[in-house]
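Every number for a ligand or one of its atoms is a count from 1 in the order of the listing. The first residue in the sequence is number 1, and the count goes up from there. Values below: every heavy atom of this structure, side chains too, minus hydrogens, waters and symmetry copies.
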Amino acid sequence: MESQAASFWLIQSLQSSLCFLFFSFTISFSLFLFLPRLNPWCNCDVCRSYLTSSWSIKFDNLCDWYTHLLRISPTQTIHIHVLGNTITANPDNVEYMLKTRFENYPKGKPFSLILGDLLGRGIFNVDGDSWKFQRKMASLQLGSLSIRSYAFETVTSEIQHRLLPLLSSVAGKENGVLDLQDVFRRFSFDNICRFLFGLDPGCLELSLPMSEFAVAFDLASNLSAQRAMTASPLIWKIKRLLNLGTERKLRDAIKMVNALAEEVMRQKRKMGFSTHQDLLSRFMDTVSDDDIYLRDIVISFLLAGRDTVSSALTSFFWLSANHPEVKSAIRDESNRVMGPGQEFANFEQIREMHYLQAAVYESLRLYPPVQFDSKFAQEDDILPDGTFVRRGTRVTYHPYAMGRMEQAWGPDCLEFKPERWLNNGIFSPESPYKYPVFQAGLRVCLGKEMALVEMKSVIISLLRRFDFEIATKNREPRFAPGLTAIFRGGLPVLTRERNTTMVT
Ligand code: HEM
């Protein structure tokens with residue numbers, strides 16, 4: 001027994017020493033590999049502030065500090081040398097990256113490696129032919145009139161049968177504080193699953209825990225995002241190889257996501273998908289012989305369409321709670337377009353509401369769900385503002401900062417003013433390169449129209465029926481780290497049913 005224990009101890013010590021040696025070697029090796037590109041000892045003010053986190057003395061969020069730096073940069077471009085990251089808020093640069101020299105700025109290998117285990121060959125994670133194929137197929141599906149009206153029906157039914165009853169059940173109650181962000185995350189997950197799979201996870205029953213799928217999916221996307229924060233990719237790759245810590249958790253979460261996505265496909269086949277209108281049925285018609293590919297496509301769409309919408313709705317309700325004049329204008333417009341007595345707006349009526357559209361765009365300008373987006377330069381290049389970009393450099397455009405640039409939006413750029421989008425009462429869009437909230441150019445978001453309709457339907461239905469009072473004293477949102485902007489601590493609100501048979 002004793003000798004067994006001794007040899008066990010010996011093996012353990014050997015393993016630890018080997019691990020230690022392996023880690024030391026790989027960390028040194030990775031530093032050696034990355035030194036020429038990164039510059040880990042840069043001692044400029046910006047890098048020092050980044051490394052010591054001293055920026056957090058003055059700013060609540062990293063994105064606010066970047067915004068400050070970009071606002072004072074004469075070119076609207078900055079460099080975080082220690083990260084090898086060139087960040088720009090210059091619309092000319094953005095147009096150049098996303099359109100003019102699109103081929104030189106792919107997502108690149110570093111990005112696809114980070115998200116590869118979760119997203120596989122899904123549209124979010126690929127460049128080149130595989131991306132072109134999925135893009136073409138998905139645009140045909142998402143662009144069709146029938147799928148848009150299917151999406152609208154799905155949203156309306158989720159609002160009518162789940163969202164409104166849920167809010168009514170807590171309205172006016174003492175201690176009836178509800179986290180609106182959590183409600184929107186559940187809502188958008190149910191909605192995207194119904195839209196994509198034609199199946200209903202039923203997350204919007206607050207008495208139920210979030211579905212297994214949603215929890216595993218959250219964990220997998222957060223842990224994948226954490227990979228991007230390690231000093232070198234070799235660190236998480238080694239942890240993955242040894243199945244350690246967060247990498248072990250990630251592997252388990254991805255296993256669960258994959259198993260559930262495969263189960264969804266099995267169920268679809270059993271039900272006979274050809275008569276259904278959901279996106280998965282449509283994809284299954286086209287890609288019938290490659291289940292792993294189908295699974296990857298499904299997971300990418302889930303990631304694309306879920307947290308983005310809930311993030312956008314959360315910040316809209318935070319802003320509107322602080323701007324009663326905007327709420328009144330939306331209610332007035334909806335009364336004008338829908339008339340008294342009608343509970344739910346139809347598709348055409350929603351399109352007629354220009355002020356509502358302006359308010360949604362304005363809220364996304366200040367709080368874009370995807371705050372920044374990085375590409376990796378294939379070849380040496382010079383951006384329109386004169387910035388030199390070395391091959392392999394990460395180049396990031398920053399929609400959050402871009403929405404707050406005085407050069408682009410004027411001295412009132414930090415104010416929430418939907419009117420800036422209206423010309424004689426008609427919504428008037430801006431260049432997508434100045435406002436790349438949905439990205440722009442060849443990889444512009446495929447779900448933009450669907451997301452806007454979903455948001456507008458929720459906003460109209462909730463504002464006509466309820467008043468929300470924010471139940472925390474937070475001045476400005478603080479964001480949690482992740483792939484999309486999420487309010488740290490959620491959005492706790494007190495809900496009151498408005499005293500209306502009709503809405504005034
Ligand atoms: C307010 C809501 C949304 C915002 C702000 C948004 C924003 C974006 C952004 C910034 C990208 C580029 C990401 C990147 O390349 O890394 C993107 C891509 C994409 N989005 Fe959205 N999105 C929203 C909702 C949706 C919805 C509801 C769907 C689907 C049903 C969707 C489907 C997609 C797809 C498929 C892509 C990949 C396009 C490609 O790579 O060619 N999005 N979106």
Side-chain angles (χ1 to χ4, degrees), residues 94 97-98 102 105-108 110-112 114-115 119 121-128 130-143 147-148 150-152 154-155 184 187-189 191-197 221 224-225 228 278-280 282-283 296-316 357 360-361 363-376 394-400 402-403 432-433 435-459 483-485:
V94 177
M97 288 166 65
L98 299 182
F102 174 76
Y105 294 94
K107 297 216 158 197
F111 179 87
S112 56
I114 284 171
L115 289 178
L119 298 180
R121 289 176 288 153
I123 186 167
F124 245 116
N125 207 37
V126 285
D127 293 304
S130 181
W131 165 71
K132 276 187 196 142
F133 166 69
Q134 287 181 61
R135 171 101 196 165
K136 196 167 162 199
M137 200 166 79
S139 334
L140 284 175
Q141 312 286 7
L142 281 168
I147 203 126
R148 282 193 189 178
Y150 173 70
F152 183 68
T154 312
V155 171
F184 289 145
F187 169 82
S188 58
F189 191 71
N191 215 30
I192 196 79
C193 285
R194 287 174 77 178
F195 173 67
L196 286 179
F197 315 140
S221 48
S224 299
D278 59 274
L279 202 67
L280 178 58
R282 286 164 185 255
F283 272 126
D296 292 346
I297 292 173
V298 161
I299 292 173
S300 259
F301 270 87
L302 210 49
L303 179 75
R306 184 226 178 172
D307 284 351
T308 45
V309 172
S310 60
S311 162
L313 282 170
T314 304
S315 38
F316 179 90
Q357 168 100 339
V360 167
Y361 266 68
S363 146
L364 289 167
R365 175 179 74 85
L366 290 169
Y367 294 103
V370 182
Q371 295 184 333
F372 63 89
D373 195 6
S374 297
K375 313 287 173 189
F376 287 84
R394 176 175 169 192
V395 188
T396 301
Y397 70 91
H398 207 289
Y400 181 89
M402 292 180 78
Y433 303 104
Y435 180 83
V437 165
F438 293 96
Q439 191 157 267
L442 281 80
R443 275 193 102 141
V444 66
C445 171
L446 280 169
K448 178 180 166 190
E449 293 307 322
M450 181 188 156
L452 289 171
V453 167
E454 186 174 346
M455 282 186 71
K456 289 193 276 186
S457 305
V458 171
I459 292 167
L483 295 173
T484 37

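Where the criterion is an N or O separation shorter than 3.5 Å, residue side chain and backbone included, Glu454 fails it with respect to ligand 1.
In this structure, atom 40 (O) of ligand 1 lies nearest to the protein heavy atom Arg443 NE, 2.8 Å. Closest to atom 24 (C) of ligand 1 among all protein heavy atoms lies Thr308 OG1, 3.4 Å. In terms of protein heavy atoms, atom 17 (C) of ligand 1 is closest to Cys445 CB, 3.7 Å. At the shortest separation from atom 29 (C) of ligand 1 among protein heavy atoms lies Gly447 CA, 3.9 Å. From the protein, the heavy atom lying nearest to atom 13 (C) of ligand 1 is Phe124 CE2, 3.5 Å. Looking only at heavy atoms of the protein, atom 36 (C) of ligand 1 is closest to Leu446 N, 4.2 Å. The protein heavy atom nearest to atom 27 (C) of ligand 1 is Gly305 CA, 3.6 Å. When only non-hydrogen protein atoms are considered, atom 25 (C) of ligand 1 lies nearest to Ala304 O, 3.5 Å.
Taking every non-hydrogen atom of Arg135 and a distance limit under 4.0 Å, the qualifying atoms of ligand 1 come out as 38 (C), 39 (C), 41 (O). Atoms of ligand 1 lying under 4.0 Å from any heavy atom of Gln439, numbered from 1 in the order shown and given with element: 10 (C), 12 (C), 14 (C), 15 (O). Listed by number with element, the atoms of ligand 1 under 4.0 Å from a non-hydrogen atom of Phe301 are 35 (C). Close approach of ligand 1 to Val437 is summarised as follows: ligand atoms under 4.0 Å from at least one heavy atom of the residue are 5 (C), 7 (C), 10 (C).
The nearest pair of heavy atoms linking Ser363 to Phe316 is OG-CA, 3.5 Å. Closest heavy-atom contact between Phe195 and Ala151: CE1-CB, 3.7 Å. Contact between Phe152 and Ser457 at its shortest, heavy atoms only, is CE1-OG, 3.6 Å. Taking all atoms of both residues into account, the shortest heavy-atom contact from Phe372 to His398 is CB-CD2, 3.8 Å. Heavy-atom minimum distance, Val298 versus Leu196: O-CD1, 4.0 Å. The minimum heavy-atom distance between Arg194 and Tyr150, with the atom names listed, is O-OH, 3.1 Å.
In this structure, Pro369 counts as a contact residue of ligand 1, since one of its heavy atoms falls inside 4.0 Å of the ligand. Residue-ligand proximity: Lys107 is placed with a non-hydrogen atom under 4.0 Å from ligand 1. Under a 4.0 angstrom heavy-atom cut-off, Phe111 registers as lying outside contact with ligand 1.
Under a 3.5 Å cut-off, the side chain of Gln134 and the backbone N or O of Arg121 do form a donor-acceptor pair. Ser374 contributes no side-chain N or O that, together with a main-chain N or O of Thr396, makes up a donor-acceptor pair within less than 3.5 Å.
A salt bridge is absent between Asp127 and Lys375; no separation between the charged side-chain nitrogens and carboxylate oxygens falls under 4.0 Å.
With a 4.0 Å heavy-atom cut-off, ligand 1 is reached by the side chain of Met450 but not by its N, CA, C or O.
Counting only heavy atoms from C-beta outward, the side chains of Pro369 and Leu364 approach each other to under 4.5 Å.
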